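What you see is a predicted model; the values in this text were computed from it and never measured. All residue numbers refer to positions in the sequence shown, counting from 1. Keep in mind that the numbers below use all heavy atoms, side chains included, and drop hydrogens, waters and symmetry copies.
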Amino acid sequence: QVQLVESGGGLVQAGGSLRLSCAASGRIFSSLDMGWFRRAPGKEREFVATINWSGGITYYADSVKGRFTISRDNAKNTVYLQMNRLKPEDTAVYYCNQVYAAISKAPGGSWGQGTQVTVSS
């Protein structure tokens with residue numbers, strides 16, 4: 001079982017940027033497809049972005065395409081989410097998780113505590 005710890009959230013003004021990190025334990029991380037998800041207040045958790053095990057294939061929700069970039073460093077067991085041109089509607093708790101396949105966007109592991117992102121207008 002891979003343990004995940006998210007970090008990097010905070011309060012930022014609209015138009016600003018944040019970089020989230022997700023540190024994973026376990027030697028199998030480099031073989032896992034990974035994803036970022038978010039849950040806004042009063043809403044269901046939703047898919048944000050996924051990346052395949054090598055980092056060569058990525059998928060994004062339409063709402064973040066062109067603004068967010070998912071990447072990974074397998075040597076550091078870490079997956080990142082670079083968020084640019086943030087909008088108030090990006091306010092949410094952000095979670096990372098392994099996914100069954102990057103194209104499926106379906107989470108397949110246990111959830112961490114998440115990291116809060118708040119975008120002020």
Side-chain angles (χ1 to χ4, degrees):
Q1 185 76 0
V2 177
Q3 303 295 320
L4 303 167
V5 179
E6 302 94 340
S7 62
L11 173 64
V12 63
Q13 288 188 329
S17 299
L18 283 173
R19 188 195 196 200
L20 306 184
S21 298
C22 172
S25 64
R27 293 177 294 172
I28 65 170
F29 173 80
S30 61
S31 66
L32 299 176
D33 290 6
M34 297 294 296
W36 283 97
F37 301 81
R38 66 186 182 187
R39 176 178 282 165
K43 295 187 177 181
E44 296 290 319
R45 185 151 36 201
E46 64 177 3
F47 154 76
V48 175
T50 55
I51 188 167
N52 79 324
W53 65 273
S54 69
I57 300 173
T58 58
Y59 298 93
Y60 297 93
D62 287 343
S63 59
V64 306
K65 200 171 294 182
R67 299 188 297 122
F68 291 11
T69 302
I70 188 172
S71 62
R72 66 190 298 160
D73 185 338
N74 286 342
K76 296 182 178 180
N77 274 18
T78 302
V79 61
Y80 303 99
L81 186 68
Q82 177 67 44
M83 306 186 296
N84 298 328
R85 304 200 310 274
L86 282 160
K87 303 176 181 180
E89 51 263 44
D90 294 319
T91 295
V93 179
Y94 284 71
Y95 303 86
C96 67
N97 204 336
Q98 63 186 86
V99 293
Y100 289 107
I103 193 171
S104 76
K105 310 175 184 69
S110 299
W111 296 102
Q113 83 288 350
T115 186
Q116 176 71 48
V117 172
T118 303
V119 184
S120 63
S121 57

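Going from atom OG of S21 over to atom CZ of R72 covers 13.5 Å, rounded to the nearest 0.5 Å. Annotation: the span from N97 atom CG to S110 atom OG amounts to 7.5 Å, rounded to 0.5 Å. Rounded to the nearest 0.5 Å, atoms OG (S71) and CG (D73) are 8.5 Å apart. The line from CD of E46 to NZ of K105 is 13.0 Å long, rounded to the nearest 0.5 Å.
Of the candidates P88, S120, S121, S120 is the only one forming a side chain to side chain contact (heavy atoms under 4.5 Å, CB included) with Q13.
At a threshold of 4.5 Å between non-hydrogen side-chain atoms, the residues M34 and I70 do not count as touching. Side chains of R38 and D90 form a contact here, defined as non-hydrogen atoms less than 4.5 Å apart. Counting only heavy atoms from C-beta outward, the side chains of L81 and T69 never approach each other to under 4.5 Å. Within the 4.5 Å cutoff, the side chain of V117 has heavy atoms near those of the L20 side chain. Residues I51 and V79 meet the side-chain proximity criterion, which asks for heavy atoms closer than 4.5 Å. Within the 4.5 Å cutoff, the side chain of Y80 has no heavy atoms near those of the C22 side chain.
For I103, the CD1 atom is loosely surrounded, since the number of other residues' heavy atoms within 6.0 Å does not exceed 12. No more than 12 heavy atoms of other residues, nucleotides or ligands lie within 6.0 Å of OH in Y100, so this atom counts as exposed by the packing criterion.
In this structure, R45 forms a cation-pi arrangement with Y95, its terminal cationic atom sitting closer than 6.0 Å to the ring centre and no more than 45° off the ring axis. In this structure, R67 forms no cation-pi arrangement with Y60, as its terminal cationic atom is not both closer than 6.0 Å to the ring centre and no more than 45° off the ring axis.
Grouping the Ile, Leu, Val, Met, Phe, Trp and Tyr side chains by contacts below 4.5 angstrom, directly or via other members, places V64 with V12. A continuous path of hydrophobic side-chain contacts links V99 to W111 [ILVMFWY only; heavy atoms under 4.5 Å].
Between K65 and D62 there is a salt bridge, since at least one side-chain N of the basic residue sits less than 4.0 Å from a carboxylate O of the acidic one.
A donor-acceptor pair is defined here as one N or O able to donate and one able to accept, closer than 3.5 Å; such a pair exists between the side chain of N52 and the backbone of I57. Without hydrogens or angle criteria, T91 side chain to V119 main chain gives a donor-acceptor distance under 3.5 Å. At least one donor-acceptor pair closer than 3.5 Å links the side chain of E6 to the backbone N or O of C96. N74 contributes a side-chain N or O that, together with a main-chain N or O of W53, makes up a donor-acceptor pair within less than 3.5 Å. Not one N or O on the side chain of R85 forms a donor-acceptor pair closer than 3.5 Å with the backbone of S17. Between the side chain of R39 and the backbone N or O of E44, no donor-acceptor pair lies under 3.5 Å. Side-chain atoms of N77 come within 3.5 Å of backbone atoms of A24 as a donor-acceptor pair (strictly under, hydrogens ignored). The closest donor-acceptor contact from the side chain of S25 to the backbone of V2 lies at 3.5 Å or more, if one exists at all. Remark: the backbone N or O of A102 is not paired with any side-chain donor or acceptor of S104 at under 3.5 angstrom.
Ring planes of Y94 and F68: tilted class, angle from 30 to 60°.
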| request: Start with the C-alpha distance between F47 and W36, add both sets of side-chain angles, then the distance that settles ring pair (Phe, Tyr, Trp, His ring centres under 6.0 Å), and finish with yes or no. | output: CA-CA 7 Å; F47 154 76; W36 283 97; over 10 Å; no
